[in-house]
Amino acid sequence: MSADDNPVRPLIAGNWKMHGRRADGAALAGELARRARRGGSAELRCDLVICPPATLLTALADIVADSPVALGAQDCHPLASGAHTGDISAAMLADAGCRYVIVGHSERRTLHGETDDVVRAKAEAAHAAGLVAVVCLGETEAQRAGGETLAVVDRQFRASLPKAATAANTVVAYEPVWAIGTGKVPTTAEIAAVHAQLRTLARGRVGEGERLRLLYGGSVKPGNAAEILAIANVNGALVGGASLEAGDFWTIARSCP
Ligand code: PGA
């Protein structure tokens, strides 16, 4: 299927990571909401979500209310409540105004030792709370060099997605670990090969898998967004660094075909 007859509305997601205080977070979210309200979701040709640090969620929920900008979190705990000091449950995120939550980002997998089983449990918790889980996966530089990319992605997809995953409650973000925050990006052909495999997996394992949104993430910038977003089976982007500047994030969103 070409990008042109792809029936899936793209999603552009901003992952702010551990950046943002109340004042600059409010300014960034406010600017995006203002542009989105003015342009309208039809002009945008994509859905928009920002994922700020948890400290900003409730304040930004008010700022983006009644705009095409949705709110997401960067992580959740697999359980709904309990004695888990420092953790935040998916139900709490929904209560704070979130519609999405990222799970299994490579920084969580690497720095917090999260396995595919943990990621899947978090995605299940997100679904139970009524949130859309943005499940991240992708190979390391060594795995790519060893020719293991497709095998790694295959394994992570099968193990990280809940059985009940559907195109409505789940988004998958392919993020090569070596491309995150480095300025390095796979070739168009390399992204296309992974996304074609993800689509095949989605068709076999996910409800309405033809419509499952498959994002690319890793050094997406205003200068490369149009080329990446035009690749078959790429249904949006997960954007880190370039989501911290309203003009850059907006340009990326406007680059959807
Ligand atoms: P980057 O981050 O756009 O800064 O490479 C992407 C991500 O980590 O989601």
Side-chain angles (χ1 to χ4, degrees), residues 10-20 24-25 28-29 32 46-54 56-57 69-76 93 98 100-114 119 122-123 126 131-141 143-144 149 152-153 156-157 160 170-188 190-191 194-195 198 213-229 231 234-256:
L11 174 69
I12 303 295
N15 175 11
W16 292 10
K17 308 192 180 185
M18 199 166 69
H19 297 289
D24 47 287
L28 177 51
L32 291 169
C46 67
D47 292 337
L48 275 184
V49 56
I50 53 172
C51 303
L56 301 183
L57 288 171
V69 180
L71 197 62
Q74 299 173 14
D75 180 45
C76 67
L93 297 174
C98 290
Y100 295 82
V101 60
I102 298 168
V103 295
H105 189 279
S106 77
E107 287 150 20
R108 302 288 318 175
R109 290 179 185 262
T110 305
L111 303 173
H112 296 264
E114 294 188 6
V119 174
K122 290 184 173 196
L131 298 178
V132 175
V134 181
V135 181
C136 301
L137 44 78
E139 82 287 358
T140 63
E141 192 152 35
Q143 287 166 332
R144 175 159 288 270
T149 298
V152 168
V153 166
Q156 289 183 329
F157 188 103
S160 301
T170 303
V171 173
V172 168
Y174 167 56
E175 297 205 304
V177 178
W178 52 273
I180 294 174
T182 59
K184 294 189 222 164
V185 181
T187 65
T188 303
E190 286 168 342
I191 296 174
V194 172
H195 278 247
L198 291 173
R213 290 196 278 199
L214 302 173
L215 312 187
Y216 168 79
S219 297
V220 176
K221 306 287 177 206
N224 62 18
E227 186 182 358
I228 291 169
L229 291 166
I231 299 170
V234 172
N235 314 114
L238 180 53
V239 185
S243 72
L244 295 173
E245 209 281 305
D248 285 353
F249 191 59
W250 190 255
T251 300
I252 291 168
R254 291 292 305 267
S255 302
C256 286

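Every number for a ligand or one of its atoms is a count from 1 in the order of the listing. Computation of the quantities below employed the complete heavy-atom set of this structure, encompassing side-chain atoms and omitting hydrogens, waters and symmetry-equivalent molecules.
From the protein, the heavy atom lying nearest to atom 3 (O) of ligand 1 is Gly240 N, 2.8 Å. In this structure, the protein non-hydrogen atom closest to atom 4 (O) of ligand 1 is Gly241 N, 2.8 Å.
Between Gly181 and ligand 1, an N or O atom pair is found at a separation short of 3.5 Å. Looking at ligand 1, you'll find an N or O of Ser219 within less than 3.5 Å of one of its N or O atoms.
Checked for salt-bridge contact, Asp248 and Lys221 miss the test: no charged N lies under 4.0 Å from a carboxylate O. Residues Glu114 and Arg109 are not paired through a salt bridge, judged by the lack of any N-O separation under 4.0 Å between the basic side chain and the carboxylate.
Scanning Lys221, Glu175, Lys17, Lys184 for the heavy atom closest to atom 9 (O) of ligand 1 points to Glu175.
Looking only at atom types and distance, the side chain of Glu139 has a donor-acceptor partner in the side chain of Trp178 under 3.5 Å away. For the 3.5 Å distance criterion, the side chains of Thr188 and Glu227 qualify, holding a donor opposite an acceptor.
For Gly218, the closest heavy-atom approach to ligand 1 falls below 4.0 Å.
In this structure, His105 and Lys17 have side chains that are in contact, with non-hydrogen atoms separated by less than 4.5 Å.
Contacts of Asn15 with ligand 1, taken as heavy-atom pairs under 4.0 Å, involve the side chain alone.
The aromatic rings of Tyr174 and His195 stand perpendicular to each other, their planes meeting at an angle above 60°, with 30° marking the opposite boundary.
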